[in-house]
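See below for the structure under consideration.
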Amino acid sequence: MQEDSEGFRYPVINSELCIHCGLCHKVCPAEHMPEASQDEKYAFGGYHNSLYVRKFSTSGGAFTAIAQEWAEQNPDYFLFGAASKGLAVFHYGIDNIRKLPVICKSKYSQSRIGDTFVQVRDALKSGKKVLFSGTPCQVAGLKAFLRNADTANLLLVEVICEGVPSPLYIRKLDDHIFKTYGSRIKKLDYRSKGQKCSPESFKWDFQRMSLELEDGRIFEKDRWFNPYWSIWLQHLMSRPSCYECPFTTTERQADITLGDLWGVHLYCPELYGNNGGASLIVCNTEKGRTLWQAAEKRFTGHALDFETALKYQGPMRKHIDVNPQREECMNDLADESMSYSEICEKWAKKPDAKLLFQKYVWGNRQKVFVWNLKNKK
Ligand SMILES: Cc1cc2nc3c(=O)[nH]c(=O)nc-3n(C[C@H](O)[C@H](O)[C@H](O)COP(=O)(O)OP(=O)(O)OC[C@H]3O[C@@H](n4cnc5c(N)ncnc54)[C@H](O)[C@@H]3O)c2cc1C
């Protein structure tokens, strides 16, 4: 895998070693899309009963509930997901549920698969029950890689995904931090819910990016003032393939699809859970549904109408559009003479008064609070 000038990695064939068997083409999901499930969908919304799990999950902790159930049902299990060390994000397998936090939480950068597909194949061959989680393209890649292997013992979990940003931005941020504070980023939580573990202080739809430096200092930045989110969500620095992603449809490759329960305050405010985070769980196969329904006991929530949930989930309906200024922005990011501050000044939008009012004065939390008051009467 070699990195291009935008920081994205691509497979490169070593022509001296290649025997022209064509297997790489046969297992490429971009060339041969694996079959999606035609089973009836089952959608569920809610949050994990453990406050601790919710705090250390991006949404409502559905991934933890599924992993816990998988480990409880299967004594000989393996769990794969995305872990991180410093700025690096990579797939990693664990065989002890106590290590689960390592592969929890969303890292908004493409994870390196490494040899985890081979590990999955070998674990299945040796009779282990394997749960693999990743983005929809990674799940499709694994399915294609496994070809005709017996996958009865495999559960596939994917996150709803609207793309991955170039790692160049975060690297520039790290250099900026180092120049300013003399210490590099040790831990990066893209969507921290806050430092305290109390429901009053949770900030799911108001997340902050939290940076822990090697020297122990912690910095947090509100979502609305964070240039990272502004630049990425203007679709100025996504991976080129994400602009034509074939997985952004209701046809899913995984047994279970997980996302944030966006729109919760509009169609099921009882699941808002004081802004502690709420999950949308979509079961695409009977296998996924059976597992999730067993995991539901760890959750507060209820079944949802799939079509209603879909309205609030753009990445399950369509891929992102290319921003016409993307190329210029990527050139700036790749330009070593352009500093982090110059990038932010040129490309990030500052929040306007309306947004600030919505987020800091009259936001979802307040709306749900009023809804609760009315419904208690
Ligand atoms: C790149 C990315 C984009 C996303 N975009 C959306 C979106 O547009 N809308 C939406 O509703 N939800 C999106 N999500 C999903 C959402 O952020 C949560 O991951 C999901 O709701 C599960 O949260 P949880 O509370 O159940 O568990 P968590 O414990 O937060 O679980 C996170 C899960 O994501 C996996 N994961 C984390 N980082 C990566 C990564 N870099 N690559 C592959 N897998 C990873 C973990 O292994 C784990 O399975 C995205 C996630 C990622 C990683």
Side-chain angles (χ1 to χ4, degrees), residues 47-48 51-61 63-64 82-87 89 101 104-109 159 162 164-165 167 169-174 176-178 180-181 183-234 237 259-262 264-265 272-279 340-341 343-345 347-369:
Y47 48 84
H48 202 287
L51 209 57
Y52 183 82
V53 169
R54 285 165 77 198
K55 175 168 162 47
F56 292 104
S57 302
T58 313
S59 312
F63 176 64
T64 294
S84 63
K85 194 166 186 196
L87 302 186
V89 181
C104 283
K105 291 228 74 171
S106 297
K107 292 97 185 168
Y108 290 92
S109 180
V159 290
E162 72 162 36
V164 285
Y169 176 92
I170 290 292
R171 286 184 205 157
K172 266 204 194 295
L173 168 66
D174 189 42
H176 169 76
I177 299 255
F178 185 67
T180 316
Y181 303 103
S183 185
R184 290 205 173 270
I185 299 172
K186 184 174 153 203
K187 255 194 204 161
L188 174 56
D189 186 345
Y190 287 86
R191 287 177 55 183
S192 165
K193 289 179 182 168
Q195 298 301 320
K196 290 189 204 149
C197 192
S198 81
E200 293 73 34
S201 70
F202 277 167
K203 292 170 188 297
W204 162 57
D205 63 15
F206 201 99
Q207 345 100 22
R208 293 162 169 187
M209 183 184 270
S210 170
L211 304 176
E212 187 184 327
L213 305 195
E214 280 164 350
D215 67 8
R217 273 183 286 187
I218 293 178
F219 293 98
E220 293 202 326
K221 205 166 182 87
D222 277 9
R223 155 96 162 74
W224 322 107
F225 288 96
N226 192 333
Y228 169 82
W229 290 106
S230 171
I231 298 174
W232 182 35
L233 295 179
Q234 288 179 70
M237 57 170 174
D260 290 287
L261 190 55
W262 295 140
V264 55
H265 60 293
Y272 186 66
N274 211 9
N275 207 6
S279 283
Y340 170 76
S341 309
I343 294 281
C344 297
E345 186 57 38
W347 294 105
K349 282 188 186 154
K350 301 217 164 43
D352 59 21
K354 188 177 162 206
L355 183 75
L356 291 179
F357 179 80
Q358 278 172 353
K359 299 302 170 191
Y360 290 88
V361 184
W362 183 241
N364 296 345
R365 194 172 208 148
Q366 290 77 5
K367 286 181 201 163
V368 175
F369 179 72

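By convention here, the first residue in the shown sequence is residue 1. Quantities reported herein were computed from a predicted structural model and do not represent experimental measurements. Every heavy atom of this structure was used, including side-chain atoms; hydrogens, water molecules and symmetry mates were not.
Annotation: side chain of K221 is not in contact with side chain of R208 (no heavy-atom distance under 4.5 Å). Residues L211 and K186 form no side-chain contact, since every pair of their non-hydrogen atoms from C-beta on lies 4.5 Å or further apart. Between V264 and V368 the shortest side-chain heavy-atom distance does not fall below 4.5 Å. Taking 4.5 Å as the limit, every side-chain heavy atom of L261 sits out of range of all side-chain heavy atoms of S279. With a 4.5 Å cut-off on side-chain heavy atoms, F219 and M209 do not count as touching. By the 4.5 Å heavy-atom criterion applied to side chains, Q195 and S210 are counted as neighbours.
In this structure F56 satisfies the side chain to side chain contact (heavy atoms under 4.5 Å, CB included) test together with Y52, sequence neighbours excluded. Partners of T58 by side-chain hydrogen bond (donor to acceptor under 3.5 Å, both in side chains), not counting sequence neighbours, listed by chain and number: S106. Under the ring-ring contact (aromatic ring centres under 6.0 Å, His included) criterion, Y169 pairs with Y228, Y340, sequence neighbours left out.
S192 places no side-chain N or O within 3.5 Å of a backbone atom of D189 that could act as its donor or acceptor partner. In this structure, the side chain of R191 does not engage the main chain of K105 through any donor-acceptor pair within 3.5 Å. Proximity of a side-chain donor or acceptor of S183 to a complementary backbone N or O of E214 within less than 3.5 Å is detected. Side chain of S84 to backbone of V89: no donor-acceptor contact under 3.5 angstrom is found. Checking side-chain atoms of R365 against main-chain N and O of N274 turns up a donor-acceptor pair under 3.5 Å. With D352 contributing its side chain and L355 its backbone, the two residues share a donor-acceptor pair below 3.5 Å.
Separating the CD1 atom in I343 from the CE atom in M237 is a distance of 9.5 Å, to the nearest 0.5 Å. Distance CD1/I170 to NE2/H176: 12.0 Å, rounded to 0.5 Å. Taken to the nearest 0.5 Å, the CG atom of L87 stands 12.5 Å off from the NZ atom of K85. Here the straight-line distance linking atom CG of D174 with atom CD1 of I185 works out to 4.5 Å at 0.5 Å rounding.
Side chains of Y190 and N226: a donor-acceptor N/O pair is absent below 3.5 angstrom, by distance only. A donor and an acceptor atom, one from each side chain of N275 and D205, are located under 3.5 Å apart. In the model, Q234 has a side-chain atom that pairs as donor or acceptor with a side-chain atom of S230 under 3.5 Å.
For Y108 and W232, the ring centers sit closer than 6.0 Å to each other. Under the 6.0 Å cut-off for aromatic ring centres, W262 and W204 qualify, their centroids lying closer than that.
The heavy-atom pair separating T64 from S57 by the smallest distance is OG1-OG, 4.1 Å. Of all heavy-atom pairs spanning S201 and K196, the tightest one is OG-CB, 3.5 Å.
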Evaluate side chain to side chain contact (heavy atoms under 4.5 Å, CB included) for Q207 paired with R223, printing each intermediate quantity in order.
CA-CA 6 Å; Q207 345 100 22; R223 155 96 162 74; 3.3 Å; yes
Step-by-step side chain to side chain contact (heavy atoms under 4.5 Å, CB included) determination, L233 to E162:
CA-CA 9 Å; L233 295 179; E162 72 162 36; 3.2 Å; yes
List the steps and the verdict of side chain to side chain contact (heavy atoms under 4.5 Å, CB included) for F202 and L51.
CA-CA 10 Å; F202 277 167; L51 209 57; 3.8 Å; yes
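Summarising the local packing, CZ of F369 is surrounded by 12 or fewer heavy atoms from other residues, nucleotides or ligands at distances under 6.0 Å.
For the pair D215 and R217, the salt-bridge criterion is met [side-chain N within less than 4.0 Å of a carboxylate O].
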